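Notes follow once the structure below has been shown.
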Protein chains: 2
Amino acid sequence: MPQVSTKPALTRAERAYTRAEPDARRHSLILACARVLAREGVGGTSVRAIALEAGVSPGLVGHYFAGIDALVAATYAEVESRVSEALDAALAQAGSDPHARLEAFVTASFRAPIADPELLATWIAFWSLVRARPGIARQHDEQYAAFRLRLEQLLADCGVPAARLRRAAIGVTALVDGLWLELCLSPQAFGAQEAAEIARGALAGITSTGR
Amino acid sequence: MPQVSTKPALTRAERAYTRAEPDARRHSLILACARVLAREGVGGTSVRAIALEAGVSPGLVGHYFAGIDALVAATYAEVESRVSEALDAALAQAGSDPHARLEAFVTASFRAPIADPELLATWIAFWSLVRARPGIARQHDEQYAAFRLRLEQLLADCGVPAARLRRAAIGVTALVDGLWLELCLSPQAFGAQEAAEIARGALAGITSTGR
DNA sequence: GCACTTGTTGTACGAACGTCCAACAAGCAA
DNA sequence: TTGCTTGTTGGACGTTCGTACAACAAGTGC
């Protein structure tokens with residue numbers, strides 16, 4: 001992105017102002033931030049990179065958010081919301097059979113819209129921020145606790161004994177995260193369908209033995 | 001870390017030069033880099049932060065490595081080596097029973113020296129670099145392929161059918177990674193011992209059904 | 001057309017970045 | 001003690017960072 005330093009600022013005729021509603025602008029900045037986090041990682045994510053990705057001027061980040069950290073936090077909320085909605089939708093379509101519901105909930109993570117390498121990469125970037133940013137850590141804790149609680153409920157509906165619920169939920173959550181990680185970082189190793197099969201196998205083991 | 005800008009440079013009497021052998025100095029910079037990556041994440045890891053952590057002057061990073069990226073790559077190699085050695089040691093102590101060996105190999109990830117929150121946090125930082133840095137991606141691919149290959153061998157020794165080896169190895173690797181992630185990011189949720197129990201349960205499922 | 005509201009641009013600014021290197025200094029041998 | 005080798009310091013330099021904001025401009029109502 002070289003800037004020809006001898007080139008004068010754009011004339012009035014050359015500047016292109018494109019107005020957008022505040023919510024729409026905020027949303028497009030959030031999406032741009034997610035994409036930059038995914039592609040460049042945390043180290044390559046800057047106000048200028050996000051603005052360039054969004055096709056706007058850098059000042060807009062400061063105008064619409066209390067700074068880049070606030071934008072990243074808003075991006076976390078957006079991505080998390082997208083994942084939650086996909087899980088909700090999977091459950092809504094799963095019917096009432098407990099095993100089908102459990103499987104739908106877990107395997108939704110390996111289908112669109114979740115199993116998108118870009119979304120997974122953004123998610124990995126968020127993981128890497130948890131320890132250094134208390135705000136992201138809070139968001140992370142809430143989201144994970146909610147996911148695990150829900151998973152426990154679904155597992156309980158499948159007859160997993162109460163004494164084993166917690167560990168089963170932790171294990172399934174870990175398996176999903178680990179498969180996400182490798183789906184994203186080593187896409188040549190296996191794909192989303194295989195990940196779903198692996199997860200199904202694990203669920204079958206857990207629910208068949210009540211282990 | 002405010003620097004009193006009116007304070008003159010240290011006089012000759014105040015400067016403290018401490019010499020170290022090149023290898024020792026390189027190693028201490030690598031360890032400092034690992035600690036900073038763990039604590040501050042990628043975004044907070046800079047030449048100055050690492051040098052401060054190592055108790056030396058920033059110029060030493062450039063003296064001993066071809067820049068901060070080379071130092072990070074060297075840090076990856078060091079941490080990976082530390083993990084591999086721990087796994088080797090666990091296997092060496094496990095005896096000849098295939099099931100004991102498999103369990104030792106997998107649960108070693110949940111014992112010292114591996115299950116150290118700082119090491120895990122450094123590892124998460126490396127994950128977040130994989131997509132944006134080809135060199136780290138190469139290191140990552142090699143390390144993961146080697147781990148999975150080894151795991152497949154151990155699983156095969158336990159009688160897991162050849163047709164199921166690959167997926168079993170992928171699943172166990174994912175489970176380990178996911179448990180690492182949460183051990184590090186949500187230490188209040190569960191501990192290393194419980195992680196080991198969860199992993200043992202998963203291994204028992206895989207090896208008992210030959211699934 | 002004008003005035004006002006409100007969204008946009010792009011740059012100034014101080015701070016921090018990675019890299020480079022001259023000056024310094026520890027340690028050793030003669 | 002001197003000279004040499006080699007490790008260390010810390011600051012210069014150009015670049016990039018996040019933030020702030022003056023100037024600009026789109027869009028609306030009168």
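Not measured: the values here are computed from a predicted model. Proteins come first, then strands; the chains are lettered A, B, ... in the order of their sequence lines, and each starts at number 1.
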Examine the base of D:dG18 for any acceptor or donor lying under 3.5 Å from a partner atom in the side chain of A:Arg48, and report the outcome as yes or no. yes
[X] [atom1] to [N] [atom2]: how many Å, rounded?
{"X": "A:Ile50", "N": "D:dC17", "atom1": "CD1", "atom2": "P", "value": "11 Å"}
{"X": "B:Leu52", "N": "D:dG10", "atom1": "CG", "atom2": "C1'", "value": "14 Å"}
{"X": "A:Leu29", "N": "C:dT9", "atom1": "CG", "atom2": "P", "value": "10 Å"}
{"X": "B:Glu21", "N": "D:dT8", "atom1": "CD", "atom2": "C1'", "value": "14 Å"}

Respond yes when some side-chain nitrogen or oxygen of B:Arg25 is under 4.0 Å from OP1 or OP2 of D:dT8, and no when none is. yes
I'd like to check the side-chain hydrogen bond (donor to acceptor under 3.5 Å, both in side chains) partners of B:Ser186; sequence neighbours left out, ordered by chain and number. A:His140, B:Glu182
Classify the ring geometry between B:Trp123 and B:Trp180 as parallel (under 30°), tilted (30 to 60°) or perpendicular (over 60°). perpendicular
Expected list for residues 57-75 of chain B near DNA chain D, using heavy atoms below 4.0 Å, is B:Ser57, B:Gly59, B:Leu60, B:His63, B:Tyr64
Consider only side-chain N and O atoms of A:Ser81 and A:Glu85, and report whether a donor and an acceptor are under 3.5 Å apart. yes
Would you check if there is a donor-acceptor pair between the side chains of B:Tyr144 and B:Asp177 at a distance under 3.5 Å? yes
Do the charged groups of B:Glu118 and B:Arg35 touch, with an N to O distance under 4.0 Å? no
Should the pair B:Arg166-A:Glu194 be classified as a salt bridge under the 4.0 Å nitrogen-to-oxygen rule? yes
5' priority, DNA chain D, between B:Val56 and A:Thr18 [closest heavy atom]: B:Val56
Each nucleotide N or O in nucleotides 4-6 of chain D that has a protein N or O under 3.5 Å away: list the pair and distance.
residue	atom	partner	partner atom	Å
D:dT6	O2	B:Arg19	NH2	2.5

If I take atom CH2 from residue B:Trp127 and atom CD1 from residue A:Ile124, how far apart are they, to the nearest 0.5 angstrom? 8.5 Å
Measure from the side-chain heavy atoms of B:Tyr17 and tell me the nearest of D:dC17, C:dA25, C:dG7. C:dA25
Do B:Ile206 and B:Arg164 have side-chain heavy atoms sitting under 4.5 Å apart? no
Does B:Ala125 offer a backbone N or O that forms a donor-acceptor pair with the side chain of A:Ser128 under 3.5 Å? no
